[in-house]
Amino acid sequence: MFEDGTIINELLIERLNYFIYVVLLLIGLHAMIAKKNLIKKLIGMSIFQTAIILFYVSIGVKEGSTIPVYLPEHDPHGSHSVPSDTNETSHFDHGPVILDSSLVKGYANPLPHVLMLTAIVVGVATLGLALALCQRIYQGYGTIEEDELLAKMESREIRSKTLSVQIPKDQKLPKKDELKKEKSRSVSKSKTLSASKPKPKGKK
Amino acid sequence: MKLLSYIPVLVVGVLLLYAAKDFPEWGSPDAPASKSPVSSHFIANTGVDTEVPNMVTAVLADYRGFDTMFETVVVFIAGMAVLAILKNSGRKKLVKREFEVDAEPDLIVTNTVRLLVPVIQIFAFYVLAHGHVSPGGGFQGGVLMGASFILVALSWDLETALIRFPLNWTTILGGLGIFLYAGIGLLSMFLGGEFLDYSELANIFPVSREMARYHAMLGVEIGVGLTVTAIMFSLYANLSTEGRLQRGL
Amino acid sequence: MENSIAWIFIFPLFGSVACAILGISNRKICYPIAVLSMAGSLWAGIETLRQVLSVNDHTVSYLFGGWTLDAYPRGVGIEFHADILGILITLVVLGVGLLVSLYSKLPVEEETPGKEPLFYTLFLLQVTGLAGICLTGDAFNLYVLIEVAALTGYGLIAIGSNRAAAATFNYLILGTIGASLYLLGVGYIYIKTGTLNMVGIHDIIVAEGLADSATMQVAFVLVGVGILIKMAFFPFHAWLPNAYSNAPTTTSCLLAPVVTKVMIYVMIRMVLSVFGVEFSFESTLWTDVLPWLVVVAIVCAAVMALAQREIKRMLSYLIVAEVGYMVGGVWIYNYYGLIGSIFHVISDACMTLCLFLGAGLILRKAKTTHFDGLRGLFTKMPLTMTGFFIGGFSIIGLPPTCGFFSKWYLITGGMVSQRWEYMIVLMFSTMVMVVLFFRMIERIHLAVSESGENLGHGHGDLGLTDQQTRFDEGPLSMLIPLLLASAVVLVVGIYNQEVVSLIEVFLSDFNLPRGEGIK
Amino acid sequence: MSTPEVTVIQDIRPLIAFVAPLLGVIGIVWAGEKRKNLRETFTFLVASIQATVVLSMVPLLLSGTIVEFHVWQMFTHVPLLLRVDGFGLLFACVASLLWIATTVYSIGYMRGLHEHAQTRFYAFFAISLSATIGVAFSANLLTIYFFYEMLSVSTFPLVTHMQDKEARTGGRTYLGYLLFTSLCILLPALSWCYVWLDGGNVAMDFLADTGKVGSFSETTQIILLILFTFGFAKAGIMPLHSWLPGAMVAPTPVSALLHAVAVVKVGVFCVVRVYSDIFGTEVLQQLDGEDWMIGIACATILISSLIALSQDNLKRRLAFSTIGQLGYVILGATLATQQGIGGSVLHIAMHACGKITLFFCAGAIFVATGKKYVSELRGLGRKMPVTMGAFMIGSLSVIGLPPLGGFVSKWYLALGALDRGATWVVFVLLISSLLNVFYLLPVAVTAFFRNPADDSEPEIKEAPMACVIPLSITAIGCFVLFFIAGPLVSMVGLTD
């Protein structure tokens, strides 16, 4: 691919977006694979997803076009147009029309933007879930370093084997009265806490 | 090991750059993505089909409304899953952490926030409702709304915010948002169209088929907004306290 | 019914919302909601199958939002594209979902106390996502649905123990890489074709001759690798065993049978319907490379399964090996191989369900799923063990279970393409499975420990007290789904011709080599 | 073996013969350990039903009618089809009749030894017999494979009945050999035939598709022949025989079943089926490599007989004898002549009757005295005259002396060898008969004519009646078989 220099030129100058997205993506990917810290992995994941978003947005670029919101003259309701002296109904005069193909070139492609809106939301959801997992891991093992985590998991496994208790500790089924106790404890706790608050109303 | 991890990274990099040489001209209007009938249809016909000036909103909530429904579902899932992961887990005792400060909320901060929150919330409503004509919509509005509650939690503490927005309400509102979205779709199905075919709503509301789409999109966006508001706050509440819902950061 | 295809996901979607909201005040209500919505969904699935079979070209297109094909260009709206294969796999998913939801009552209450509403919400959304994956006709919508299925999966696994949470994290990282690569691949497709509709993509690839385009080749690789990661194909399998073996019982029962299978279905779909037979098999290197990877995959997975001493872990590695079978069946590139692969997707879902349901019951009664805890279980719970071993025999491939018939087609496929290495590996892993399951049968049946010492005092004395071997079956709500699942394994085996003829109808649209006339 | 004018009728009787034992299992399990008599009544009942149904088809067959039953469509062209022809019916008769005898015998044996888990024993016994009948009535290769696998798995709990270390070793060898061969050798061969036999549209039917293998190239035919011969490892052909002595750890009724009736006979029956009805005599006779198969069969006969000579454990000696006798059956098939194949089918019946007698006797001795070794049997003949008398008759039948059944089949085998022009095979037959004499007769001779080692042993009586009666009946059966050889011969179609 590099047999003539033009491609490199093209890549670095004319298609800088594509080049940058690849670099970002690789940074993210490397962080996800090689970093030992779970949070760093998640940062890598975010970079990775952002790179893909950048790529998609690059697809939507059209030279000399504006954002995909109708200009006043094409607006079906004229809600963008400068208020004129005529009464409200005049906005509906020109009504919705199918845009001419020459005018189509004037707007950027809306589809990649829509797709990326979805991808961003998915990324946020994944990140939130992953952070919750990290907290859970930290609660359980007291570390978010991958190698320490593995070591702790292994030692626990060995311990549980020697104790011939095959069910992991936290899977043990709590008895009913224990549950009740727990409930009452948490209720009382929330009472004591909310007592110090200025507005305890509405709290169940 | 460290070196080994560079191999997949490099392979992916070479592969992606290799493909880049075949890409259409950057920003060219003749690129397949920009020239395709789908893209041109969105740009040329959105006005006729839905009367919505903002094509992105129209594509998001109507043309690809099914995608967006599941996108909302993804948000909802994240909320539920975080709740599921962190609820009742680990240490029950209130552990005082070294960075926890027992001080009273700062007067200046709280009063500023007191002033700021209504503004943010009104702006959120604006963004949500104005999504048809300008950039914005359910997700953006929902996030702003959720942020206003998070701001309360940050400036007082989580307990105070939870009094105003109890955690059960986040689940209920999140569910209701999806219910609203899918319910509009279901309603239009009952009225004789396909699922999410909003134009069928014209059968029961005194508007044209295009305006039925326009208004249904607003309904859908409100559903999205509800879910996002609820789940954003729920995520914050759970993550900031490791699911114990105590005083928080 | 006209909208039956939409009802497939409407039932579980509304069911999950109902679970989330109503479950706050009354936890007990979630279980009936889940069962009812799964039943409704299955009914809609069967209705759709009937609809698909009744039309001429055996495909049903459902355009969401009323963006119908006659008035709007293809790809403007989102399309559900149900062909025979898609609806078959959907039915498998929904059937598994129904059985597992029936099964779930006690395990969910006991393993995740207080979290039932959350569990069932995620459970129903998981099924929604998986069923959607099978039906959707839009490449980007597929991504969203994959993420729906993945996120619910993370939640369902991590709802259990801390170990499960740690395992889920790896799953999440790898799953996100997989899904993101897929998304990137879709971007590459989009940049070249300008559409996201699967049928549209295929039409453009054929019309514009994009087979040689570097972008499309890379898109194929990205999509393919993304899916391979998601389906736990061998070098990317690391997330699966930990996640499934540490997950709560119900979760592993739901995820293990369907998640990997659905992703294999996606691969078949991509290969056949989206990129097309000519593109996938003839203009890429995959047909040369992948069968050899499959060989490595099956051997490694089988050997690792051999090293396990714990039922759920062992089964997880078996799933990895089975994934190898199915991927191999596709890439040896012939008619029989594909029949085998598709049929194996169905039968493997049935038998894995059977095994995991059985493992759940064993865990409940024997308090362990370690091999050492198995002694005397047959006298204690004969029905459970019968069900469990019907699943086991199916994995080995003994007639008349469905596993035999799918393996038969895979072997035949290997023979037709003269892929001897694939056949040998199939034989090898079959023997490994024989060893695995009969080792378990030995543990149950014989009073001999692994090292060979006699544990009892001869003459059928297993060295256990009467208490330990007294007849004590699991609760009916768990037993009946297991027995139903094992009945399905047998019925699918016995009526395999009905299923295969459907698959043959589906494959008749594609130009696949049959290798006839070789002596 | 197809006769020219046959009428084919559809009838459910073959299915009844197959399903009856399976239904019996439900009754057996229901009756359970607490209602022993009821349980054994069930066993006896289904055995009788099966035998009656099977025998009721004999007149039909002799009048030239073949009964068929289409169960279900397995593959596009291959149905699961049950068909009753001469071969199958003869084998089914032997199996079902001997099952009745074994049932009675096992009641005596199991109760006599106070064995554990008798319910399981009877249940799996019934399943095994069901599978055996299935094999006998199979109409095509895949059907036969189907029942063959069913038999492998259902006999595993019987083999490992003792549940101890020895049982584990035996069970592992048993399943290892059988499943390895069937899944890794047989299955590819079947698949090969399925795809390429006559363009892939063939049901591999024993009646309609005989000789279609001839369209393959010479090499392919030989490979297929080897795969099929060794794939059916239940036939015990060397070098895949060692599961058989290993499986001796099972209780004697099971050994009797394994070694005389069900398992090994199913193996050789399958091999004979493949030779006569898939390849067909014409194809086989033109095949060059086929002589090698005769050689392997002969080698199996001789080597196993020599090994049997050196065994002291009575059951092991009988096991190696079985391997040798199975060699005869395979030999008859490899000769690929009408007489040879007929002889081998007859030998299945004759040997079954003789060998089951021997095993019954060995079991009866064990029940009565607890003795397992040949060297311990001195003088036993005087204390257990019926048992040892029956042993004598069984031995003579296996050796092949007239007026006992074993003679007839050996006679036809020799005829077949001469037909083929392989005179040396006749010598092999003679030598092996001589070896049979050497390893079988001394047992009876020691029992009758040697004085016991010491007389201080406790008083030894005959085994329980439930043991003695069946073995007497089967011993008489050896005579009867000689005298009803005529109808049998016409059943396998040798008179045409």
Side-chain angles (χ1 to χ4, degrees), chain A residues 1 7 11 14-15 17-19 22 25-26 29-30 33-34 58-63 65 67-70 74-77 79-80 96-99 101 104-105 107 109-114 117-118 121-122 124-125 128-129 131-133 135-136 139-140 182 189 193-194 197 199 202-204, chain B residues 2 5-6 8-9 12-13 16-18 20-21 23 26-29 33-34 38-40 42-48 51-56 59-60 64 67-68 71 74-75 77-78 81-82 85-86 89-92 94 133-135 139 159-160 163 166 210 235 238-239 242-243 246-247:
Chain A
M1 64 190 270
I7 287 178
L11 209 57
E14 288 180 26
R15 299 181 181 189
N17 273 47
Y18 295 140
F19 185 74
V22 171
L25 190 124
L26 295 188
L29 189 61
H30 181 257
I33 296 173
S58 312
I59 302 176
V61 172
K62 212 189 277 183
E63 252 164 32
S65 65
I67 57 164
V69 179
Y70 284 121
H74 304 137
D75 187 344
H77 293 203
S79 45
H80 270 172
V97 281
I98 298 177
L99 248 56
S101 60
V104 167
K105 284 188 179 174
Y107 293 103
N109 185 358
L111 190 51
H113 302 276
V114 173
L117 209 56
T118 308
V121 171
V122 170
V124 169
L129 215 160
L131 286 171
L133 280 175
Q135 291 198 339
R136 181 70 187 274
Q139 282 175 6
E182 223 157 66
K189 196 190 293 168
L193 277 172
S194 54
K197 290 292 149 282
K199 288 169 195 169
K203 175 82 180 166
K204 277 176 193 172
Chain B
K2 195 113 192 178
S5 70
Y6 282 105
V9 173
V12 172
L16 295 182
L17 289 176
Y18 166 72
K21 73 168 186 184
F23 281 173
W26 194 71
S28 149
S34 304
V38 177
S39 162
S40 338
F42 289 146
I43 297 171
N45 290 38
T46 299
V48 184
E51 306 213 357
V52 175
N54 184 351
M55 290 167 232
V56 175
V59 176
L60 185 81
R64 298 186 69 87
D67 249 2
T68 310
E71 190 185 340
V74 165
V75 175
I77 290 170
V82 169
I85 292 168
L86 291 179
S89 69
R91 292 163 294 187
K92 285 288 174 305
L94 181 63
V133 284
S134 65
F139 288 103
E159 291 277 326
T160 319
I163 288 166
E210 290 75 28
L235 283 183
N238 276 300
L239 287 178
E242 298 188 357
Q246 291 147 359
R247 316 187 67 176

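So you know, we letter chains A, B, ... as the sequences are listed, proteins then strands, and number each from 1.
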CE of B:M55 to OG1 of B:T46, rounded to nearest 0.5 Å, is 6.0 Å

Rounded to the nearest 0.5 angstrom, the CG-OH distance for B:L17 and A:Y18 is 13.0 Å

(Q) I'd like to check A:V69 versus B:V56 (side-chain heavy atoms, cut-off strictly below 4.5 Å). Are they in contact? (A) no

side-chain contact (heavy atoms from CB on, under 4.5 Å) filter on B:P8, not counting sequence neighbours, yields A:I33

- Task: Would you check, one step at a time, whether the test side chain to side chain contact (heavy atoms under 4.5 Å, CB included) holds for B:V48 with B:E210?
- Result: CA-CA 7 Å; B:V48 184; B:E210 290 75 28; 5.9 Å; no

Within-4.5 Å side-chain heavy-atom neighbours: A:L99 and A:Y107: yes

If one checks every heavy atom of A:S65 against chain B at 4.5 Å, the contacting part turns out to be neither

Chain A shares the most heavy-atom pairs under 4.5 Å, among B:T68, B:V12, B:D67, B:L235, with B:V12

So CG of A:N109 and OG of B:S39: to nearest 0.5 Å the spacing works out to 3.5 Å

Checked A:V124, A:I67, A:L29 vs chain B; the most non-hydrogen pairs under 4.5 Å come from A:L29

Ranked by heavy-atom pairs below 4.5 Å to chain B, first place among A:L117, A:L131, A:I59 goes to A:L117

Answer key: most heavy-atom pairs under 4.5 Å with chain A among B:P29, B:A81, B:P135, B:S28 is B:P29

Cut-off 4.5 Å, heavy atoms of chain A, and the answer for B:S40 is both

The interface call for B:F139 against chain A, heavy-atom contacts under 4.5 Å, is side chain

Among A:A125, A:A34, A:P68, the residue with the most heavy-atom pairs under 4.5 Å to chain B is A:P68

Comparing B:I77, B:V75, B:L239, B:N45 against chain A, the one with the most heavy-atom pairs below 4.5 Å turns out to be B:L239

